[in-house]
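Working notes for the structure below.
Below, each value reflects all heavy atoms present in this structure, side chains not excepted, and no hydrogens, waters or symmetry copies.
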Amino acid sequence: MNWGAVWAIARKDAMVALRTRAVVLPLIIVPLVLMVGVPVLVGLISGMATHIDAPSSDMTELTNALPPDFGEQYAGLTEVQAGYIYFILYLFAPMYLVLPLMASSVVAADSFAGEKERKTLEALVYTPTTDRELLLAKILGGWIPGSLVGLVGFIVYAIVADIMTLYVAGRIVLPNPLWLLLAFWVGPAAAALGLGVTVIASSRVNTFQEAYQIGSLIVLPIVLLVVGQAAGAFILSNWLVALMGLVLWIINAIIFAIATATFRRTALMARL
Amino acid sequence: MDATSTAVIITEELTRSFGAHIAVNNLTLRIEAGEVFGFLGHNGAGKTTTVRLLNGVLAPTSGSVRVFGLDPTTAGHRIRARTGVLTETPALDSRLTARATLLHFAEVYGVPARDRRRRVDELLATFELQKRADSKVGGFSKGMRQRLALARTLIHDPDIIFLDEPTSGLDPVAIRDVHQMIEWLTHRGRTVFLCTHNLAEAERLCDRVAVLAQGRVLAIGTTRELGSRLNRGHRISVEVDASDIARAVKLFAATPPVSLAEAVTDRAAVRNGSASIVLHGVSRPDIPQIIQTATEQGIKLYRVQPEEPSLEDVYFALQEL
Ligand SMILES: Nc1ncnc2c1ncn2[C@@H]1O[C@H](COP(=O)(O)OP(=O)(O)OP(=O)(O)O)[C@@H](O)[C@H]1O
Ligand SMILES: [Mg+2]
């Protein structure tokens, strides 16, 4: 394996993408809105609610769909306070996956479809790389920034969420095992999935925008998770999150096994 | 393929089709190390397709290829480590600077880390890009892009250099620079595979040329061999005083070996009170005879010039052979 070339191509892809406005804008705006805007807004509303109607009711009235040990852990909080912590720890959790998914998908759209658009593909296929090395380089070039954006998003979220729960309920709640699993196990898998889908989309379309739009459709299953949990169909637990990660990694393994088996630069050039 | 051969590129009945269209048709070539080989053909003749086939970035439909004794379909990466390809379009990322572009490709092509900066500086100097080394390629002129693409092609000091129409669309100064570059490469013993549709360029730079039409080789040989075969049946343009035009046409038409003398519109000549005639079937060695005939008949001659044979002339001549 020619790691020198693989690393050089992956690094250049990631760095150049992160200097391109069409790529950077969504990478800044989405995390800001999602990981800062939403928890702060919901926190401010919850905070006002707590401060207005004082400690009135207790948690027993909160939906019995709550995770079993949640009640013990946060005993003594008002319904609004516990509700906010529930929102921060559980309800919002699936939304977090939008971040790595979207980030890797944007960078991949830039590096695959963008390559076609800018007509730089030809220089790449003439490099002394094998097909497998070229594919790996392009995958890493999207996956590394995607995962990094996910991790940075997690850190920002943890800080913002802690400040807000401190304000609303006088407690610090993050990081907890569920979110660590989410950030370090499921997040990178989501990044890889976003990448895989966008790469497949990129081979069918010709511009960055088209690839990015198709790649974004992968966010839909997340919406299902969010709605499902909010409707009480299930509740995320450490086990469920670990399992979710495992399923994603298996799907990724299948996608990339197929990609490696079928990716040929000669086929790319025949279509050029 | 014999073991003692110094051939670096050998193809046998190499064919590539796209659907029903045959882009490269039964190509059999043998190119020696250190040769400057011209691949001459019009748009769509199959030049770019051949370069792709030789570098293993496109698969042949049939036939065989060996480059450095390796098969591009299985050992393409090993071949590409020793070839440099200047593609038809420069394929540069406009968001990188010239220096960053070269450093990046130096790394991809495995130039050792300690040599990279020096190598890149050398190439920037050779191609007169130092002043703009740290500007984004997006703002470069066509000539600068081409020079940068050439520098990238040479970054790993390849043994075979493929140049796909390196001068097309460049101004005369840039063309001269590229030609000097090619000469410099050949002095250093590199093998050059030059695709062009410019006959003069091929004659000037190449040891041997293959003339290609619709994927087929029409002729292959040294420029000298082909030159003498091709210089038959060329044209000379003559400028005479406007008042002499009718007489001159009649006179030249009757002067062997002229096959046809035709008056042509030439605005520049008209402005000078003269007229142009094109003589067919004659070439350089016939010029003294033409001048003498005209002078004897009192025709005022202002200009006699052999016309550069065009690729059409070559095709025409080859089809007659
Ligand atoms: N990927 C492809 N798919 C379909 N047809 C192709 C493809 N590549 C080349 N061709 C066809 O094959 C023929 C040869 O093309 P090629 O690009 O090799 O010609 P060329 O000599 O390089 O021409 P030019 O001077 O225009 O660069 C053309 O008719 C072209 O349309
Ligand atoms: Mg071409």
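- Contact count against chain B (heavy-atom pairs under 4.5 Å) is highest for T120(A) among N2(A), V6(A), D131(A), T120(A).
- With respect to the salt-bridge test (charged N to carboxylate O, under 4.0 angstrom), the residues R117(B) and E122(B) do not qualify.
- Contacts of R16(B) with chain A are made by side-chain atoms alone, with heavy-atom separations under 4.5 Å and no backbone atom involved.
- Looking at L96(B), the atoms closer than 4.5 Å to chain A (heavy atoms on both sides) all sit in the side chain, from C-beta outward.
- Not less than 6.0 angstrom separates the ring centroid of Y157(A) from the ring centroid of Y96(A).
- In this structure, chain A has a heavy atom under 4.5 Å from the side chain of R152(B), while its backbone stays farther away.
- Pairing each heavy atom of P175(A) with each of F154(A), the nearest pair is CB-CZ, 4.0 Å.
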Anything under 3.5 Å between a donor and an acceptor, one on a side chain of residues 104-111 of chain B, the other on a protein residue two or more places apart or in another chain? List them.
unit_1  : atom_1 : unit_2  : atom_2 : d
E107(B) : OE1    : R11(A)  : NH2    : 2.8
E107(B) : OE2    : R11(A)  : NH1    : 3.2
Y109(B) : OH     : Y126(A) : O      : 3.1

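- For a residue to count as touching a neighbouring chain, one of its non-hydrogen atoms must lie under 4.5 Å from one of that chain's; by this rule L58(B) touches chain A with backbone and side chain alike.
- The candidate with the highest count of non-hydrogen atom pairs below 4.5 Å against chain A, out of L92(B), T89(B), V85(B), is V85(B).
- Considering only heavy-atom pairs separated by less than 4.5 Å from chain B, the leading option among K119(A), R118(A), E115(A), R19(A) is R118(A).
- Counting heavy atoms from C-beta outward, T101(B) and T97(B) have side chains that stay 4.5 Å or more apart.
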(request) Apply the test salt bridge (Lys or Arg N to Asp or Glu O under 4.0 Å) to residues K12(A) and D93(B): give CA-CA distance (whole Å), side-chain angles for both, the deciding distance (0.1 Å), then the verdict. (result) CA-CA 11 Å; K12(A) 180 239 163 195; D93(B) 195 325; 3.3 Å; yes

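- With a 4.5 angstrom heavy-atom cutoff, V57(B) touches chain A via backbone and side-chain atoms both.
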